[in-house]
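Only one structure is covered here, and it is reproduced in the block below.
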Amino acid sequence: MSPDAATFLDRVVCDGRFVHEVQGDPRRVARALGVHLTDPQVQELSLRPMPVLVSTAFVARFGTRPEGPMWLSPDVGILIGIVLVAFGVVVWIIVQGKDKMRSSTDHSPYADQKL
C-alpha cells in the first residue's frame, strides 16, 4: 500500500464516519475528508479486503503488526494475578479478624451482668 493511501486510511479510521464506506466509494470519502486520491490509490483501496487494509494501515502507523487481543498480553496476566492475590489477602484478613472476635472472653468485673 502506498504511504498516501495508508495515511488516508488512517484518517478515515480516526474520523470514524466513513469506515464502512471507504471500500465502496473511496473518492467520495476522500472529498468529504478533504483529501486527494490518485486512480491507483482508489483502485488499491477498492480491491483489497478490509482486514488487509487495516493491517497495512496499522503497520504504517505503528511500525509493527498487531499481536492479537490485548487480554492475551503477559502484562494483563500479571495484573490479574496481582489483583487475585490482593483479593485473597483481604479475604483472609477479614476471616481471621472475625475468628478472633468470636473467641474473645469478657474479663471485666461485671461480665455476668452484661447481655
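P109 meets the side chain to side chain contact (heavy atoms under 4.5 Å, CB included) test with no other residue; sequence neighbours excluded. Every residue meeting the side chain to side chain contact (heavy atoms under 4.5 Å, CB included) condition with Q23, not counting sequence neighbours, appears here in chain and number order: M50, L53. Applying the side chain to side chain contact (heavy atoms under 4.5 Å, CB included) rule to V90 yields the partners I94; only residues at least two apart in sequence or on another chain are considered. The side chain to side chain contact (heavy atoms under 4.5 Å, CB included) check on V42 picks up P26, R27, L37, S46, with sequence neighbours excluded. Every residue two or more places apart in sequence or in another chain was checked for a salt bridge (charged side-chain N to carboxylate O under 4.0 Å, His left out) with D25, and none qualifies.
In terms of heavy atoms, V19 sits closest to V13 at CG2-CA, 4.1 Å. When all heavy atoms are compared, the tightest approach of Q41 to H36 is OE1-O, 4.1 Å. Across all their heavy atoms, F8 and A30 have their closest contact at CE1-CA, 3.6 Å.
The one candidate from L33, D10, V29 that meets the side chain to side chain contact (heavy atoms under 4.5 Å, CB included) condition with D15 is L33.
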